[in-house]
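Chain identifiers are assigned alphabetically (A, B, ...) following the order of the sequence lines, protein sequences preceding nucleic acid strands; residue numbering begins at 1 within each chain.
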2 protein chains.
Amino acid sequence: MSGLAREDYLADIYRLQCENPHDPVSTGSVADRRGVTAASATAMFKRLARDHLILYRNYGGVSLTPEGEDLALGVVRRHRLVERFLADVLHIPWQQVDAYADQMEHALPDEVVDRMEALLENPYTCPHGYPIPDKHGHLSQPDLVLLRDLPVGEQVRVARVNERVPGLLRYVEDLGLMPGSLLEVSARNPVDLNVTIETGGRTHILGLRVSESIWVERTGSRG
Amino acid sequence: MSGLAREDYLADIYRLQCENPHDPVSTGSVADRRGVTAASATAMFKRLARDHLILYRNYGGVSLTPEGEDLALGVVRRHRLVERFLADVLHIPWQQVDAYADQMEHALPDEVVDRMEALLENPYTCPHGYPIPDKHGHLSQPDLVLLRDLPVGEQVRVARVNERVPGLLRYVEDLGLMPGSLLEVSARNPVDLNVTIETGGRTHILGLRVSESIWVERTGSRG
DNA sequence: AAAGAGTTTTAAGCGTGTCTAAAACGCTTG
DNA sequence: CAAGCGTTTTAGACACGCTTAAAACTCTTT
């Protein structure tokens, strides 16, 4: 009845859709993300399509139906609220909260999630800066820019750090670049695509893998 | 690999064993508690026995092996800590925390449970008064007496309320008999087995179903 | 000791979720 | 355009966990 893994699939399809809004979501990408074989993903797609939660055409990838997206948003909401909770209330390091939230998100009664939200005073984002959908599935999408694309000389605030790049969270924490931190790009290297930033009185040189995994919010002030 | 329902069965076997330490635990009692058919319980017993978590003889009931008891105690620990957490931190009414904890207890990583325990400052009991096993499975068993068996005239403290008697928690709360409350038995009716108690300046008459579901702790003082 | 009642186990089946191995497909390349 | 490669789907299998219905067992009662 409940369908434990179904929601995981839906949430992962949702996230993949967000990362790449143009293409449909491929069987392989979902299988990779979930750590299962493509055959397993295909089997699940058939069940989800049968229940009208996704659109699925053979060899053609999948997309969420409105109903499926509702469910997916609910999972994402629980996931990100739990992350906030783990970080803010239980003081668990932000490198670990994603994995723990994955484990916990299905078992939480709605009332528990709602109470957590109230206790946290209705946070807008998870600890990594991703927005938390509200009860109705609405989420605010602020205007963010990839650090990779930021022009030199503008002071900005770190808004979001990709939580799924291995080792990045630890690195970002060491550099003092957690969401909320202020920084300014002082130089860009057009050959190797490194960017040089100033933050908290220190200078760092970031490679492309880092600068394309951090989103910033313009503050309107120049450094 | 993980085995979701297995732990539920083990914990229920453990609880039934505690309630009735002499007899082995019957198939039917486990099936009833879990809300499944006896056939399902039998099937699970075979799997648990195969994995050396219980001892099982056809038509002869089951008992936990040391290994199975370890696992069961871990589940009970998680369950009761989560109950405390839901009640004390999220302020969820104590009538509901048992059901919610049932739903949550399997999905919680050990570190999350440990942090909850620290946040709660290592509580001894769940909100209903049942002891919380420590990390190594040890639990303190204080000297408790059923209210049913308490002599007249002794002042005692409520220690434990059976959380699985329908409606009892609500009733006990209305009467002000939550764990920690002081009371004294002022009269016993030997015919209908009612007991009359004084608590918080009020008098109540409790039937057998209530008095055999509340444990008290002697305080050594007379009322 | 045989009968009957209640409990427990077996038997057969279903849905979920996973796997491996083989077949089908689709896209790029010679 | 055909070959080949990577992706996707099918086919067959398995473990878990549940069901119903029928058979087996145990225990009590006459």
Side-chain angles (χ1 to χ4, degrees), chain A residues 1-13 16-17 19-20 22-64 67-68 71-72 75 102-103 105-107, chain B residues 1-13 16-17 19-20 22-64 67-68 71-72 75 102-103 105-107:
Chain A
M1 182 71 85
S2 56
L4 293 125
R6 303 156 63 88
E7 295 196 336
D8 279 323
Y9 275 88
L10 291 173
D12 281 335
I13 292 167
L16 288 164
Q17 189 87 260
E19 288 173 16
N20 212 334
H22 304 297
D23 316 319
V25 177
S26 72
T27 304
S29 63
V30 174
D32 282 353
R33 162 106 36 158
R34 295 221 44 68
V36 299
T37 63
S40 301
T42 298
M44 179 59 83
F45 287 172
K46 288 183 184 298
R47 288 189 288 266
L48 293 174
R50 178 201 58 192
D51 299 339
H52 312 106
L53 299 172
I54 61 172
L55 298 176
Y56 171 54
R57 275 183 40 247
N58 266 16
Y59 300 99
V62 297
S63 60
L64 294 169
E67 192 185 347
L71 277 179
V75 178
D102 264 338
Q103 196 175 330
E105 67 195 8
H106 301 291
Chain B
M1 182 71 84
S2 55
L4 294 125
R6 304 156 63 87
E7 295 196 336
D8 279 321
Y9 275 88
L10 290 173
D12 281 334
I13 292 167
L16 287 164
Q17 188 88 261
E19 287 173 17
N20 212 334
H22 304 296
D23 316 320
V25 177
S26 73
T27 304
S29 62
V30 174
D32 281 354
R33 161 101 42 155
R34 297 220 44 66
V36 299
T37 63
S40 301
T42 299
M44 180 59 83
F45 288 172
K46 288 182 183 300
R47 288 189 289 267
L48 293 174
R50 179 200 57 192
D51 299 339
H52 312 105
L53 298 172
I54 60 172
L55 298 176
Y56 171 54
R57 274 184 39 248
N58 266 16
Y59 300 99
V62 297
S63 59
L64 294 169
E67 192 186 347
L71 276 178
V75 178
D102 264 339
Q103 197 174 329
E105 67 196 7
H106 301 291

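If you find the closest nucleotide of DNA chain C to A:Val36 and to A:Asn58, the one lying nearer the 5' end belongs to A:Val36. Two residues, B:Arg34 and A:Ser26, neighbour DNA chain D, and the one matched to the more 5' nucleotide by heavy-atom proximity is A:Ser26.
For B:Ser40, a side-chain nitrogen or oxygen approaches OP1 or OP2 of D:dT19 to under 4.0 Å. Between A:Tyr56 and D:dT8, a side-chain N or O to OP1/OP2 separation shorter than 4.0 Å is absent. For D:dA15, the OP1/OP2 oxygens have no side-chain nitrogen or oxygen of B:Arg47 closer than 4.0 Å. Taking 4.0 angstrom as the limit, B:Tyr59 places none of its side-chain polar atoms (N or O) nearer than this to OP1 or OP2 of C:dT10. Proximity of B:Lys46 to the phosphate of D:dC16: no side-chain N or O atom is located under 4.0 Å from OP1 or OP2. For A:Arg50, a side-chain nitrogen or oxygen approaches OP1 or OP2 of C:dT16 to under 4.0 Å. Taking only side-chain nitrogens and oxygens, B:Thr27 comes nearer than 4.0 Å to OP1 or OP2 of C:dT9. Between A:Thr42 and D:dT8 there is no side-chain N or O to OP1 or OP2 distance below 4.0 Å.
The interatomic distance linking A:His106 (NE2) with C:dG17 (P) rounds to 11 Å, in whole Å. In this structure, A:Leu53 places its CG atom 15 Å from C1' of C:dT16, rounding to the nearest Å. Rounded to whole Å, the distance from CG on B:Asp32 to P on C:dT8 is 9 Å. Remark: C1' of C:dT18 and CZ of A:Arg6 are 16 Å apart, rounded to the nearest angstrom. Taking atom CZ of A:Arg57 as the reference point, atom C1' of C:dA24 lies 16 Å away to the nearest angstrom. Rounding to whole angstrom units, CD of residue B:Glu7 and P of D:dG17 are separated by 11 Å. Regarding B:Met44, its CE atom lies at a distance of 17 Å from the P atom of C:dT8, rounded to whole Å. Computed from coordinates, the B:Asp23 CG to C:dT8 C1' distance equals 17 Å when rounded to whole Å.
For the pair A:Leu53 and A:Arg47, the minimum side-chain heavy-atom distance is 4.5 Å or more. In this structure the side chain of A:Leu71 never reaches within 4.5 angstrom of the side chain of A:Arg6, judged on heavy atoms. You'll find the side chain of B:Val62 stays beyond 4.5 Å of the side chain of B:Leu48, heavy atoms only.
Without hydrogens or angle criteria, B:Ser40 side chain to B:Val36 main chain gives no donor-acceptor distance under 3.5 Å. Counting only distance, with no hydrogens or angles, the side chain of B:Thr42 and the backbone of B:Ala38 share a donor-acceptor pair below 3.5 Å.
Among the heavy atoms of the strands lying under 4.0 Å from B:Ala5 are primed sugar atoms or P, OP1, OP2 only; no base atom is included. Within the nucleic acid shown, A:Ala39 comes within 4.0 Å of at least one base atom, counting heavy atoms only.
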